[in-house]
Amino acid sequence: MEQRVEQIRNNLNRVRNEIEAAAKRAGRNPDEVQIVVVTKAQPIDVVRDTLLAGAKILGENYPEETLPKILGLKDEFAVEWHMIGHLQSRKIPIVVEWFQMLESLDGVDLALKLEKRLADAGKVLPVLLEFNVGGEASKSGWDVSREELWEGVLPDVEKILTLPHLRVKGLMTMPPLMEHPEQSRPYFTRLIKLRDFLAKRFHGVDFSVVSMGTSMDYPVAVEEGATLIRVGTAVLGPRPAKNLSS
Ligand SMILES: *Cc1c(COP(=O)(O)O)cnc(C)c1O
């Protein structure tokens with residue numbers, strides 16, 4: 001146990017050092033970058049050790065898999081839980097009740113359903129808009145792989161910005177899986193360019209949060225402007241097989 005906490009702490013320190021170096025290379029303030037440790041498929045004892053090692057923000061993809069972890073740890077730790085996977089409508093209640101941010105808001109229909117549930121609960125949920133920068137059919141989010149498509153996204157964004165119980169904070173993306181980190185760079189620059197495009201169109205809206213970069217390419221994401229990086233394996237090692245996760 002002790003040893004695992006120590007190992008996770010070392011990994012977190014290594015990631016922080018990499019963030020610092022990358023921020024420095026880009027002339028950025030490293031304090032602008034926060035780590036989301038992705039604990040999907042990890043059993044609760046590993047998640048507890050992650051929190052003991054100092055993690056503050058945890059990312060999960062499946063609300064029903066996360067709920068027992070949230071309930072089991074809520075009396076011991078103040079955790080910021082981020083939903084980072086595609087949210088199915090029927091899982092909305094779990095997210096509304098227990099998560100602090102939805103990074104993966106990927107459509108107007110979902111936004112409207114969330115708004116209704118949040119209004120009923122009297123809650124406001126911080127969200128990021130998920131964009132599909134690679135245009136892959138397998139990925140969620142608005143297709144922004146070509147700049148000609150950007151104008152077409154504006155009505156959806158405008159609609160979501162009118163919903164009083166959703167608080168748009170910025171953008172999120174999961175680019176195509178690449179062999180080398182450097183190959184992710186054009187996708188990261190695309191998301192930042194899109195952010196600037198949206199900020200210009202929607203004056204006064206705060207799009208300052210940019211969630212991009214995973215274990216394999218987060219230093220490049222930080223160089224390009226990420227404020228949240230989502231790292232799992234770089235901190236916790238390989239994920240266990242799914243049937244061991246609960
Ligand atoms: C699993 C996952 C991550 C983390 O991936 P690692 O390779 O373990 O760092 C980040 N973002 C999303 C959306 C994920 O599903």
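What you see below is based on every heavy atom in this structure, not just the backbone, and it leaves out hydrogens, waters and symmetry mates. As the structure lists them, so they are numbered: ligands from 1, and atoms in each ligand from 1.
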What distance separates Leu149 CG from Phe131 CZ, expressed to the nearest 0.5 Å? 11.5 Å
Quick one: do Glu224 and Lys193 make a salt bridge, cutoff under 4.0 Å? no
Sub-4.0 Å atoms of ligand 1 with respect to non-hydrogen atoms of Ile84: 11 (N), 12 (C), 13 (C), 14 (C)
Taking only non-hydrogen atoms of Arg230 and a 4.0 Å limit, the atoms of ligand 1 in range are 4 (C), 9 (O), 10 (C), 11 (N), 12 (C), 13 (C)
Report the nearest protein non-hydrogen atom to atom 7 (O) of ligand 1: residue, atom name, distance rounded to 0.1 Å. Thr233 OG1, 3.6 Å
Atoms of ligand 1 under 4.0 Å from any heavy atom of Val231, numbered from 1 in the order shown, are 9 (O)
Does Lys91 come within less than 4.0 Å of Glu64, counting only side-chain N to carboxylate O? yes
Are any of the side-chain nitrogens in Lys40 or Glu60 under 4.0 Å away from the carboxylate oxygens of its partner? no
Starting from atom 2 (C) of ligand 1, find the nearest protein heavy-atom neighbour and note its residue, name and distance. Lys40 NZ, 2.6 Å
One residue to check: Val38. Relative to ligand 1, which of side chain, backbone, both or neither has a non-hydrogen atom less than 4.0 Å away? side chain
Are any non-hydrogen side-chain atoms of Arg28 and Val33 less than 4.5 angstrom apart? yes
Give a yes or no on whether a salt bridge exists between Arg4 and Asp45, defined as a side-chain N under 4.0 angstrom from a carboxylate O. yes
For atom 5 (O) of ligand 1, state which one of Met216, Arg239, Glu60, Glu130 supplies the nearest heavy atom. Arg239
Atoms in ligand 1 flagged as close to Asn61, the criterion being non-hydrogen separation under 4.0 Å: 14 (C), 15 (O)
For ligand 1, which atoms, with element, lie under 4.0 Å from some heavy atom of Gly232? 4 (C), 6 (P), 8 (O), 9 (O)
Among protein heavy atoms, which sits nearest to atom 6 (P) of ligand 1, and what does the distance come to when rounded to 0.1 Å? Ser215 OG, 3.5 Å
Taking C-beta and beyond as the side chain, do Arg16 and Asn13 meet within less than 4.5 Å on heavy atoms? yes
